[in-house]
Amino acid sequence: MNTSNLIAAYYDAFNRGDREAMLSMLTDDVSHDLNQGARETGRDAFRAFLQRMDRCYGEQLRDIVVMVSADGLRAGAEYVVHGEYKVTDEGLPEAEGQRYVLPGGAFFDVRDGKIARVTNYYNLDDWIAQVGGKR
């Protein structure tokens with residue numbers, strides 16, 4: 001599978017809620033850079049991240065555009081998140097089922113046909129304003 005198809009399949013699995021399919025597309029030592037947060041390493045850490053996300057948020061990504069370097073080793077994606085804040089996430093405003101629409105993006109490193117790095121970006125202040133929180 002080429003890099004463009006790999007990233008498209010990753011987001012397709014995300015939108016279907018198929019976390020095992022997502023995880024199967026990652027290297028064992030995947031690096032995950034959380035938006036405005038720390039780097040986590042490994043598929044198990046990524047699985048725990050997905051479990052927290054699924055508990056706290058219901059999200060679908062739309063208008064996904066994937067861009068790939070000529071050598072296929074790096075990629076970027078831009079999308080719009082349509083979500084619901086279901087359960088309060090630690091350190092964030094209280095969840096009350098608020099809905100939000102938020103542009104976002106990600107960067108990827110690809111190694112041996114799998115995703116070796118995921119770096120996610122979105123505007124946290126915009127999200128907080130949409131869910132009625134204060135920073």
Side-chain angles (χ1 to χ4, degrees):
M1 172 179 330
N2 70 29
T3 297
S4 182
N5 291 340
L6 174 65
I7 304 305
Y10 173 83
Y11 284 127
D12 182 58
F14 176 90
N15 280 336
R16 288 192 327 268
D18 189 345
R19 302 308 181 229
E20 289 306 313
M22 288 177 69
L23 291 164
S24 74
M25 295 178 215
L26 306 176
T27 61
D28 290 339
D29 65 344
V30 64
S31 295
H32 181 212
D33 299 313
L34 285 75
N35 186 69
Q36 296 180 222
R39 172 172 276 193
E40 298 179 345
T41 304
R43 195 178 289 144
D44 288 339
F46 203 95
R47 176 179 276 110
F49 167 79
L50 291 174
Q51 289 169 343
R52 179 174 59 85
M53 291 296 292
D54 286 342
R55 183 180 71 253
C56 297
Y57 309 91
E59 295 183 334
Q60 288 286 295
L61 305 182
R62 299 182 190 158
D63 303 319
I64 301 167
V65 176
V66 176
M67 298 149 274
V68 178
S69 65
D71 62 7
L73 297 179
R74 294 191 320 175
E78 186 175 26
Y79 46 79
V80 178
V81 181
H82 293 256
E84 178 185 3
Y85 189 29
K86 304 184 303 185
V87 174
T88 301
D89 200 353
E90 184 179 341
L92 295 173
E94 293 294 315
E96 299 172 354
Q98 304 95 313
R99 300 237 175 229
Y100 51 92
V101 177
L102 189 68
F107 295 99
F108 301 88
D109 286 341
V110 175
R111 184 176 69 234
D112 300 326
K114 292 198 173 204
I115 297 168
R117 175 183 62 98
V118 180
T119 300
N120 291 301
Y121 291 103
Y122 59 88
N123 186 324
L124 182 59
D125 288 338
D126 183 8
W127 179 84
I128 288 172
Q130 288 189 50
V131 300
K134 295 181 181 169
R135 187 124 158 116

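Quantities reported herein were computed from a predicted structural model and do not represent experimental measurements. As a basis for the values below, the full set of heavy atoms in this structure was taken, side chains included, without hydrogen atoms, waters or symmetry mates.
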Peer 1: How long is the straight-line distance from CD of Glu84 back to CD of Glu96, given to the nearest 0.5 Å?
Peer 2: 12.0 Å
Peer 1: Is it true that a side-chain atom of Thr41 and a backbone atom of Asp29 form a donor plus acceptor pair closer than 3.5 Å?
Peer 2: no
Peer 1: For the residue pair Pro103 and Asn123, establish whether any side-chain heavy-atom pair is separated by less than 4.5 Å.
Peer 2: no
Peer 1: Might you point out which heavy atoms bring Leu92 and Thr88 nearest each other, and give the distance in Å?
Peer 2: O-CG2, 3.8 Å
Peer 1: Check whether any side-chain heavy atom of Trp127 sits under 4.5 Å from a side-chain heavy atom of Pro93, and report yes or no.
Peer 2: yes
Peer 1: For Tyr100, what residues pass the side-chain hydrogen bond (donor to acceptor under 3.5 Å, both in side chains) criterion, not counting sequence neighbours?
Peer 2: Glu59
Peer 1: Without swapping roles, check the side chain of Lys114 against the backbone of Asp28 for a donor-acceptor pair under 3.5 Å.
Peer 2: no
Peer 1: Quick one: CE on Met53 to CG on Asp89, what's the gap to the nearest 0.5 Å?
Peer 2: 7.5 Å
Peer 1: Would the distance check show the side chain of Tyr122 and the main-chain N or O of Asp126 forming a donor-acceptor pair, the cut-off being under 3.5 Å?
Peer 2: no
Peer 1: Is a side-chain N or O of Gln98 found less than 3.5 angstrom from the main chain of Gln130, in a donor-acceptor match?
Peer 2: no
Peer 1: Do Val30 and Phe107 belong to the same hydrophobic cluster, where Ile, Leu, Val, Met, Phe, Trp and Tyr are linked whenever their side-chain heavy atoms lie under 4.5 Å apart, directly or via other members?
Peer 2: no
Peer 1: Between Leu34 and Leu26, is there shared hydrophobic-cluster membership here, with clusters defined by ILVMFWY side-chain heavy atoms closer than 4.5 Å?
Peer 2: yes
Peer 1: Looking only at atom types and distance, does a side-chain atom of Arg43 sit under 3.5 Å from a main-chain N or O of Leu23, one as donor and one as acceptor?
Peer 2: yes
Peer 1: Return the CZ to CD distance between Phe49 and Glu40, rounded to the nearest 0.5 Å.
Peer 2: 7.5 Å
Peer 1: Sequence neighbours excluded and cut-off under 3.5 Å, please list the side-chain donor-acceptor pairs for residues 3-10, or say none.
Peer 2:
unit_1, atom_1, unit_2, atom_2, d
Thr3, OG1, Gly72, O, 2.5
Asn5, ND2, Asn2, OD1, 3.4

Peer 1: Treat each ILVMFWY residue as a node, draw an edge where side-chain heavy atoms are under 4.5 Å apart, and state whether Val118 and Leu124 are in one component.
Peer 2: yes
Peer 1: A quick test of your reading: do over 12 heavy atoms of other residues, nucleotides or ligands sit less than 6.0 Å from OH of Tyr121?
Peer 2: no
Peer 1: Give, for atom OH of Tyr57 and atom NZ of Lys86, the distance between the pair rounded to the nearest 0.5 Å.
Peer 2: 11.0 Å
Peer 1: Is the terminal nitrogen or CZ of Arg19 (NZ for Lys, CZ for Arg) located under 6.0 angstrom from the six-membered ring centre of Phe14 and within 45° of that ring's axis?
Peer 2: yes
Peer 1: Indicate, with yes or no, if Ile64 and Met1 share a hydrophobic cluster defined by side-chain heavy-atom contacts under 4.5 Å among Ile, Leu, Val, Met, Phe, Trp and Tyr.
Peer 2: yes
Peer 1: If only atom types and distance count, is the side chain of Asn15 paired as donor or acceptor with the main-chain N or O of Leu61 below 3.5 Å?
Peer 2: yes
Peer 1: If you look at every heavy atom in Ala77 and Phe108, which pair is closest and at what distance?
Peer 2: CB-CE1, 4.2 Å
Peer 1: Holding to salt bridge (Lys or Arg N to Asp or Glu O under 4.0 Å), I want the full list of residues that pass it with Glu78, two or more places apart in sequence or in another chain.
Peer 2: none
Peer 1: How many angstroms lie between OG in Ser31 and CD1 in Ile115, if you round to the nearest 0.5 Å?
Peer 2: 12.5 Å
Peer 1: Any chance you could measure Asp18, atom CG, to Met25, atom CE, to the nearest 0.5 Å?
Peer 2: 7.5 Å
Peer 1: Compute whether any side-chain donor of one residue and acceptor of the other, for Arg117 and Thr119, lie under 3.5 angstrom apart.
Peer 2: yes
